[in-house]
Amino acid sequence: MHIVVCVKTSPDLQMVRIKDRVAQTEAVPCKIGDLEKNALEAAVALRESGAAAKVTALCLAEGNRKAAEDVKVALAMGADEAVVISDPALADPDEAAVAATLAAAVDKLGACDLLLFGEGSTDNYTGQVGARVAELLGLPQIGYARKLEAADGVVRCERSMDDMLETLEAPLPAVVTVVSEINEPRIPGLMQIMKAKNKPLQVWSLGDVGLEAPAPVREMVSNLAEEQDRKHILLEGTAAEQADAFVDALIREGVLGR
């Protein structure tokens, strides 16, 4: 079984600083997202159990000029090979463009039995890409997987649905998106990091995957909360009177229902 894990390198949010309500991302390093690492760990665990023969990490650069270097973390974690799609038209693609490019890359890779995603990316967390790719490739998809098994031509996943656990099964090939509860991603040691330098790593352009039209781009208007002035409401009277006045104020503001 060949498993392809789609990973995204995003700016390290702990390194992002805010100045004049604008995120300063210049010179901020990128790293593979936490949920993508969960997906990688699940894939490598399947290979180590004998359920899979090969794990490929597939990364869309999305304007990250060092994506080919950053994705080596996936190789150090246990992926057998990596493919990075880097193209000027992919500087800031929207989810439709990301999905179309990944689907085309999976077609080029060929013979993919299981396609894994994190449930959402660290930066945008739209949760759209995995489902979009499944639709484009005509594959069944299971989301929010917290346990994953694959054998005898099927994938079986368990997911939490608030008050119950649900077990789903789909024929391979299939797409699965995972949540953080599925595992604890391994931290590569020095030996694994050194070996990763010798593993196959290819860099493709849009033309290499058969896409020539410019990819749709995302325009971020703002992701900041609306600024609000303080109300400067002073409550007077006894403690009980102040409590009643406070509740009435919350009701008037729509914070509490009547």
- Query: In Å, rounded to the nearest 0.5 Å, how long is the span from CG of Asp34 to OG of Ser180?
  - Reply: 8.5 Å
- 4.5 Å side-chain heavy-atom contact, Leu139 and Val133: no
- Message: In the structure I gave you, are the side-chain heavy atoms of Val98 and Glu62 within less than 4.5 Å of one another anywhere?
- Response: yes
- Query: Out of curiosity, Cys59 SG to Lys72 NZ, how far, rounded to the nearest 0.5 Å?
  - Reply: 13.0 Å
- Enclosure of Lys108 NZ (heavy-atom neighbours >12, cutoff 6.0 Å): yes
- How about Cys6 and Leu115: do any of their side-chain heavy atoms sit closer than 4.5 Å? yes
- Looking at Leu90 and Pro93, what are the two nearest heavy atoms and their distance? O-CD, 3.2 Å
- Query: Under the side-chain contact (heavy atoms from CB on, under 4.5 Å) criterion, do Asp113 and Ile3 qualify, and how do the steps go?
  - Reply: CA-CA 6 Å; Asp113 300 291; Ile3 303 176; over 6 Å; no
- Around atom CD of Glu166, are there more than 12 heavy atoms of other residues, nucleotides or ligands at under 6.0 Å? yes
- Message: For residues Val178 and Tyr144: do they belong to one hydrophobic cluster (side chain heavy atoms under 4.5 Å, members Ile, Leu, Val, Met, Phe, Trp, Tyr)?
- Response: no
- Would you give the length of the straight line joining atom CG of Leu211 to atom CD1 of Ile85, rounded to the nearest 0.5 angstrom? 8.5 Å
Tabulate below the donor-acceptor pairs under 3.5 Å that side-chain atoms of residues 148-158 make, not counting sequence neighbours, or state none.
residue	atom	partner	partner atom	Å
Arg156	NE	Glu169	OE1	3.0
Arg156	NH2	Glu169	OE1	2.6
Glu158	OE2	Arg146	NE	3.4

- For side-chain contact (heavy atoms from CB on, under 4.5 Å), just list the numbers for Ile182 and Glu41, CA-CA rounded to whole Å, side-chain angles, deciding distance to a tenth of an Å, and then say yes or no. CA-CA 9 Å; Ile182 193 169; Glu41 179 64 30; over 6 Å; no
- So, for Ala42 and Asn183, which heavy atoms are closest and what is the spacing to 0.1 Å? N-ND2, 3.3 Å
- Working to the nearest 0.5 Å, report the span between CD of Glu69 and SG of Cys30. 12.5 Å
- Do Val5 and Leu58 have side chains that get closer than 4.5 Å, going by heavy atoms? no
- In short, Val175 meets Gly130 closest at the heavy-atom pair CG1-O, 3.8 Å
- Message: Run the side-chain contact (heavy atoms from CB on, under 4.5 Å) test on Asp107 and Val209 for me, step by step, so that the C-alpha distance in whole Å, both residues' side-chain angles and the decisive distance to 0.1 Å come before the verdict.
- Response: CA-CA 8 Å; Asp107 276 336; Val209 297; over 6 Å; no
- Main-chain N/O of Gly189 paired to Gln192 side chain as donor or acceptor, under 3.5 Å: yes
- Query: Is there a side-chain contact between Leu114 and Leu172, using heavy atoms and a 4.5 Å cut-off?
  - Reply: yes
- Verdict with reasoning, Leu102 to Val129, per side-chain contact (heavy atoms from CB on, under 4.5 Å): CA-CA 9 Å; Leu102 290 175; Val129 175; 3.8 Å; yes
- The residue among Lys199, Lys54, His2, Arg47 that forms side-chain hydrogen bond (donor to acceptor under 3.5 Å, both in side chains) with Asp80 is Arg47
- Message: Heavy-atom count check: over 12 atoms from other residues, nucleotides or ligands less than 6.0 Å from Ile187 CD1?
- Response: no
- Task: Measure the shortest side-chain to side-chain distance between Gln242 and Glu236 over non-hydrogen atoms and say whether it is less than 4.5 angstrom.
- Result: no
- Message: Could you check whether any side-chain heavy atom of Thr177 comes within less than 4.5 Å of a side-chain heavy atom of Gln141, counting everything from C-beta outward?
- Response: yes
- Query: So, the side chain of Asp70 versus the backbone of Lys31: is there a donor-acceptor pair under 3.5 Å, distance only?
  - Reply: no
- Item | Flag, side chain of Glu241 to backbone of Thr238, donor-acceptor distance under 3.5 Å | yes
- Item | Shortest non-hydrogen contact between Asp87 and Ser205, atoms and distance | OD2-CB, 3.6 Å
- Would you say the side-chain atoms of Asn64 and Thr9 include a donor-acceptor pair closer than 3.5 Å? yes
- Item | Residue pair Leu116 / Ala39: nearest heavy atoms and the distance that separates them | CD1-O, 3.6 Å
- Side-chain contact, heavy-atom cut-off 4.5 Å: Val176 with Phe117? no
- Taking the side chain from Asn38 and the backbone from Gly118, do they hold a donor-acceptor pair closer than 3.5 Å? no
